[in-house]
Undergrad: 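Take a look at the following structure, please.
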Amino acid sequence: MATRSKQKSLARKENADKRPKAIAKYIRISPYKVRVVLDIIRGKGYNEAVAILENTPKAASEVVVKVLNSAAANAENNLNMSKSDLYVAEAFADQGPILKRINPVSKGRAHRIDKRTSHITVILDTVK
C-alpha cells in the first residue's frame with residue numbers, strides 16, 4: 001500500500017509552491033465581505049496594499065492586513081526576501097464552516113441565522 005512513499009514525498013516537495021503565503025482560518029466574517037477587500041489589493045505592491053487596507057473602512061480590512069503582514073514576515077524570515085520587492089500575487093477567501101443559529105419568531109416558528117466563517121489566503125511573489 002505504501003509503495004514509493006519516499007519518492008512521492010520528495011516529488012511533492014519539489015513541485016510545491018515556493019512563494020510566501022499566509023492563511024487565516026475560521027475567521028468570523030462572511031467570505032463575500034472579505035472578497036470585496038481582497039479584490040482591491042490583488043496585484044498591488046506590498047507597501048501599497050498595506051496603505052490601501054489601513055484606509056479602507058471595511059471590517060474585513062483589519063483581518064486582511066494581519067494576513068498580509070504575516071505573509072510578508074514569512075517571506076522575510078523564511079525565504080530571505082525583501083518586503084519592498086513583494087506584491088500580492090494571489091488573494092482569495094474560501095468559505096469555512098457555517099455556524100447555524102435559530103431566531104424565534106411569532107406563532108412558535110423559528111428562522112435560521114447562518115453565521116458564516118472564512119478561510120483567507122494571501123500569496124505574495126517578488127517583482128521580476
Side-chain angles (χ1 to χ4, degrees):
M1 181 162 169
T3 57
R4 298 182 27 235
S5 60
K6 270 193 177 177
Q7 293 170 349
K8 287 180 183 178
S9 67
L10 287 173
R12 214 175 296 118
K13 282 182 183 176
E14 287 174 10
N15 295 332
D17 200 359
K18 301 283 191 268
R19 300 180 294 181
K21 70 175 181 177
I23 302 171
K25 293 183 138 191
Y26 306 105
I27 302 300
R28 259 294 291 123
I29 187 164
S30 172
Y32 309 109
K33 295 177 182 179
V34 177
R35 287 181 190 130
V36 171
V37 176
L38 292 176
D39 289 341
I40 298 171
I41 64 161
R42 194 174 292 117
K44 301 276 195 299
Y46 168 73
N47 294 326
E48 185 182 357
V50 170
I52 289 169
L53 288 172
E54 287 175 349
N55 294 302
T56 303
K58 296 277 190 185
S61 63
E62 203 173 300
V63 179
V64 173
V65 77
K66 280 187 175 184
V67 179
L68 183 63
N69 287 333
S70 177
N74 289 340
E76 204 170 37
N77 294 321
N78 301 341
L79 301 170
N80 299 322
M81 296 178 176
S82 174
K83 283 185 180 179
S84 59
D85 297 339
L86 298 173
Y87 77 99
V88 182
E90 293 180 44
F92 52 91
D94 297 326
Q95 184 162 330
I98 299 172
L99 306 173
K100 294 171 181 123
R101 301 294 180 258
I102 291 176
N103 188 30
V105 289
S106 63
K107 298 184 180 177
R109 296 185 183 127
H111 288 166
R112 196 166 91 188
I113 297 174
D114 290 342
K115 295 181 178 279
R116 299 181 185 276
T117 60
S118 302
H119 300 318
I120 304 168
T121 305
V122 174
I123 301 174
L124 303 176
D125 205 357
T126 55
V127 179
K128 293 181 170 81

Undergrad: Tell me whether V50 is reachable from V64 by hopping between hydrophobic residues (I, L, V, M, F, W, Y) whose side-chain heavy atoms are closer than 4.5 Å.
TA: yes
Undergrad: When you measure from the side chain of T117 to the backbone of P97, do you find a donor-acceptor pair of N or O atoms at a distance under 3.5 Å?
TA: yes
Undergrad: Closest approach of D125 and A89, non-hydrogen atoms and distance?
TA: CB-CB, 3.8 Å
Undergrad: At their closest point, which heavy atom of I52 faces which heavy atom of T56, and how far apart are they?
TA: O-OG1, 2.5 Å
Undergrad: Minimum heavy-atom separation for A49 and L68, please, with both atom names.
TA: CB-CD2, 3.7 Å
Undergrad: Taking side chain as C-beta onward, heavy atoms only, is K100 less than 4.5 Å from D114?
TA: yes
Undergrad: Answer yes or no: is there a donor N or O on one side and an acceptor on the other, between the side chain of N74 and the main chain of K21, under 3.5 Å?
TA: yes
Undergrad: For a quick test of reading the model, state the closest non-hydrogen atom pair linking K33 to A60 and the distance between them.
TA: O-CB, 4.0 Å
Undergrad: Taking atom CD of Q95 as the centre, report whether more than 12 heavy atoms of other residues, nucleotides or ligands fall under 6.0 Å from it.
TA: yes
Undergrad: Counting only heavy atoms not in K18, do more than 12 sit closer than 6.0 Å to its NZ atom?
TA: yes
Undergrad: How about K83: does its NZ atom have over 12 heavy atoms from other parts shown lying under 6.0 Å from it?
TA: yes
Undergrad: Yes or no on side chain to side chain contact (heavy atoms under 4.5 Å, CB included) for L53 and I40, after CA distance, side-chain angles and deciding distance?
TA: CA-CA 9 Å; L53 288 172; I40 298 171; over 6 Å; no
Undergrad: Is there a donor-acceptor pair under 3.5 Å between the side chain of H111 and the backbone N or O of P104?
TA: no
Undergrad: Does the side chain of L86 come within less than 4.5 Å of E76's, by heavy atoms?
TA: no
Undergrad: Spell out, as yes or no, whether a donor-acceptor pair under 3.5 Å connects the side chain of R101 to the backbone of R112.
TA: no
Undergrad: Looking at every heavy atom in both R19 and L79, which two are closest together, and how far apart are they?
TA: C-CD1, 4.3 Å
Undergrad: Are K44 and Y87 close enough that some pair of their side-chain heavy atoms sits under 4.5 Å apart?
TA: no
Undergrad: Which pair of heavy atoms, one from E62 and one from V65, lies closest together, and at what distance?
TA: O-CG1, 3.2 Å
Undergrad: Determine yes or no for a side-chain-to-main-chain donor-acceptor pair under 3.5 angstrom, with S70 supplying the side chain and A22 the backbone.
TA: no
Undergrad: Donor-acceptor pair, distance only, cut-off 3.5 Å: does the side chain of T126 make one with the backbone of D85?
TA: no
Undergrad: What's the separation between atom CD1 in I29 and atom CZ in R116, rounded to the nearest 0.5 Å?
TA: 13.0 Å
Undergrad: Take V34 and V63 through the test side chain to side chain contact (heavy atoms under 4.5 Å, CB included) and record every step on the way to the result.
TA: CA-CA 9 Å; V34 177; V63 179; over 6 Å; no
Undergrad: Quick one: pull up CZ in F92 and OG in S118 and give me the separation to the nearest 0.5 Å.
TA: 12.5 Å
Undergrad: What residue among N69, I41, V88 forms side chain to side chain contact (heavy atoms under 4.5 Å, CB included) with Y46?
TA: N69
Undergrad: Calculate, to the nearest 0.5 Å, the distance between atoms OG and NZ belonging to S61 and K66 respectively.
TA: 12.0 Å
